[in-house]
K.L.:
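Pasting a structure below so you can have a look.
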Amino acid sequence: MPRTHDDVTIPDLTGRRALVTGASDGIGLGIATRLAAAGAEVVMPVRNRRKGEAAADRIRQQYPDAILRLEEMDLSSLRSVASLADRLRSQGDPLHLLIGNAGVMTPPERQETEDGFELQFGTNHLGHFALVGQLLPLLRAGSARVVMQTSIAARRARIDWEDLQSERPYDGNRAYAASKLAGALVGFELSRRSRAGGWGITSAVSHPGVAPTSLLAARPEVGRAQDTTAVRVIRWLSARGLVVGTVDSAGEPALLAATGSDLDGAFTGPGWPGGLGGPAARHESWKPMRDEAAAARLWTVSEELSGVRFPETTGRDQEPRPMMGG
């Protein structure tokens, strides 16, 4: 049978404020539930208000005293991200945790965001990059921990600098892997820049392994009319406690990265061999994620594409070195 208990012990978060993207279902909902149960005020930015309200109701059914705040935001729209950031900054309340969990996965045909970016790169990476940048004053005020959720698909991914928007030809799996590698690279780069600039923010990267979430299920909004074969296999394995994780267990690495001590610059994921499932643990980051030159270059490119500028840090804003390797 699959594991049903929680592997990560979360400290008391009373008085702390956490923002979780993608909290309306799946792994994000599980993460938001655990943080609310620990006493945190949880900000839930959602694209679909009705779905978000249903998710909040589910949390309150378990924890009637949960402090939840629904906000509307579409990560695929830089305008929407900026609007949320404006609202939160105007209120001035510090943020202590930010978990970038939301994402879109492998639409069968290439799609673009309203800003003209390939949908996965624009949503999974640029949307989160812009959100962190525009919330930086609140994150600094809360000495926050930022966690970027990557994917096991990033283990052998690469950034194609000549085709960041996956235009020639489109391969949904390759574009997804690149978008999740990009998130990891800037997650680690945020840790380095915060230390260099004295921002007071810590940053870690997590991956959920493999679990039967809605990412590979039928999603008409991204052009997928029915469940993929892969998600049907994953559901079968998960229900029997074999190889892969459950939706709940898949959130544990992000919770460890968000609330564990001495995890600045750390990488967490499931602990079973192959990293597909199992209890959360700290791991060595995968080789593509350790390329600091690529991370610095991507940071600069992401600022240019998103229009969101971070403070300068000594030694981190020079022209990046050419990327080495694959």
Side-chain angles (χ1 to χ4, degrees), residues 21-22 45 47 73-86 89 98 100-107 110-137 139 146 148-151 153-154 157-172 174-194 197 199 201 203 205 222 288-289 291-313 316-323:
T21 67
R47 184 169 55 87
M73 183 193 70
D74 182 351
L75 269 175
S76 70
S77 164
L78 293 177
R79 174 184 49 81
S80 178
V81 171
S83 180
L84 171 66
D86 285 344
R89 286 199 313 270
L98 188 155
N101 167 78
V104 61
M105 185 176 184
T106 59
R110 186 181 182 277
Q111 299 181 42
E112 291 187 350
T113 69
E114 71 174 34
D115 304 291
F117 304 120
E118 188 274 321
L119 181 63
Q120 297 179 100
F121 185 80
T123 303
N124 301 348
H125 169 55
L126 286 178
H128 280 118
F129 181 87
L131 182 65
V132 171
Q134 294 184 85
L135 291 178
L136 194 65
L139 295 168
V146 174
M148 289 298 180
Q149 186 90 288
T150 186
S151 165
R158 60 183 291 270
I159 304 295
D160 186 345
W161 299 105
E162 303 303 317
D163 188 24
L164 284 176
Q165 305 305 327
S166 301
E167 294 176 307
R168 50 173 206 275
Y170 176 72
D171 181 313
R174 186 169 62 233
Y176 175 73
S179 75
K180 301 305 283 187
L181 172 58
L185 286 170
V186 300
F188 291 129
E189 181 70 2
L190 176 61
S191 172
R192 290 187 287 267
R193 288 183 181 244
S194 178
W199 298 349
I201 296 169
S203 177
V205 176
V222 297
M289 300 175 180
D291 191 332
E292 294 187 22
R297 180 178 181 180
L298 181 63
W299 189 280
T300 300
V301 169
S302 300
E303 286 189 325
E304 293 171 352
L305 292 176
S306 69
V308 175
R309 303 283 177 174
F310 285 71
E312 293 187 1
T313 55
R316 302 303 306 177
D317 289 281
Q318 58 193 0
E319 189 69 18
R321 303 184 302 274
M323 180 181 177

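Start at 1 with the first residue, then count along the sequence. As a basis for the values below, the full set of heavy atoms in this structure was taken, side chains included, without hydrogen atoms, waters or symmetry mates.
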K.L.:
Walk me through it: do Q111 and V104 pass the test side-chain contact (heavy atoms from CB on, under 4.5 Å)?
P.N.:
CA-CA 11 Å; Q111 299 181 42; V104 61; over 6 Å; no
K.L.:
Taking R110's backbone N and O only, do any of them form a donor-acceptor pair with E118's side chain (distance below 3.5 Å, no angle check)?
P.N.:
no
K.L.:
Could you report the tightest heavy-atom contact between A177 and A153, atom names first, then the distance?
P.N.:
CB-O, 3.3 Å
K.L.:
Do F121 and F129 make the cut of ring centroids closer than 6.0 angstrom?
P.N.:
no
K.L.:
Under 3.5 Å, is there a donor-acceptor pair between the side chain of T300 and the main chain of A296?
P.N.:
yes
K.L.:
Do you know the tightest heavy-atom contact between A175 and Y170?
P.N.:
CB-CE1, 4.1 Å
K.L.:
Quick check: does any side chain N or O of T21 sit under 3.5 Å from a backbone N or O of A102, one acting as donor and the other as acceptor?
P.N.:
yes
K.L.:
Please confirm whether the backbone N or O of L119 pairs with a side-chain atom of T113, one donor and one acceptor, at under 3.5 Å?
P.N.:
no
K.L.:
With a cut-off of 6.0 Å (strictly less than), are more than 12 heavy atoms of other residues, nucleotides or ligands near CD of E162?
P.N.:
no
K.L.:
Could you go through D115 and R79, starting from their C-alpha distance and side-chain angles, then the distance that decides it, and tell me whether this counts as side-chain contact (heavy atoms from CB on, under 4.5 Å)?
P.N.:
CA-CA 9 Å; D115 304 291; R79 174 184 49 81; 5.7 Å; no
K.L.:
For T150 and L181, which heavy atoms make the closest approach, and how far apart are they?
P.N.:
OG1-N, 4.3 Å
K.L.:
Taking all atoms of both residues into account, what is the closest heavy-atom pair of P311 and L136, and its distance?
P.N.:
CD-CD2, 3.3 Å
K.L.:
With a 4.5 Å heavy-atom cut-off, do E114 and D74 have their side chains touching?
P.N.:
no
K.L.:
Give me the atom names and distance for the closest heavy-atom approach of R89 to P137.
P.N.:
CD-CG, 4.3 Å
K.L.:
Going by heavy atoms in the side chains, are V132 and M148 under 4.5 Å from each other?
P.N.:
yes
K.L.:
State, with a plain yes or no, whether a side-chain heavy atom of L78 is found less than 4.5 Å away from one of V308.
P.N.:
no
K.L.:
Are F117 and H125 close enough that some pair of their side-chain heavy atoms sits under 4.5 Å apart?
P.N.:
no
K.L.:
Any non-hydrogen side-chain atom of W199 less than 4.5 Å from a side-chain atom of L139?
P.N.:
no
K.L.:
Show your reasoning for whether side-chain contact (heavy atoms from CB on, under 4.5 Å) applies to F188 and M289.
P.N.:
CA-CA 8 Å; F188 291 129; M289 300 175 180; 3.8 Å; yes
K.L.:
About how many Å separate CG of L185 and CG of L190, when rounded to the nearest 0.5 Å?
P.N.:
12.5 Å
K.L.:
Could you tell me which non-hydrogen atom of S203 sits nearest to which non-hydrogen atom of G187, and how far apart they are?
P.N.:
OG-O, 2.7 Å
K.L.:
I want to check something: taking the side chain as every heavy atom from C-beta on, are Q120 and T106 in contact at a cut-off of under 4.5 Å?
P.N.:
yes
K.L.:
Report the distance from atom CG of L164 to atom OG of S179, rounding to the nearest 0.5 Å.
P.N.:
11.5 Å
K.L.:
Could you tell me if the side chain of S194 sits less than 4.5 Å from the side chain of V146, heavy atoms only?
P.N.:
no
K.L.:
If we ignore hydrogens and angles and just use 3.5 Å, is the side chain of T123 paired with the main-chain N or O of L75 as donor and acceptor?
P.N.:
no
K.L.:
When rounded to the nearest 0.5 angstrom, what is the spacing between CG in L126 and OG in S77?
P.N.:
12.5 Å
K.L.:
In the structure I gave you, are the side-chain heavy atoms of R309 and E304 within less than 4.5 Å of one another anywhere?
P.N.:
yes
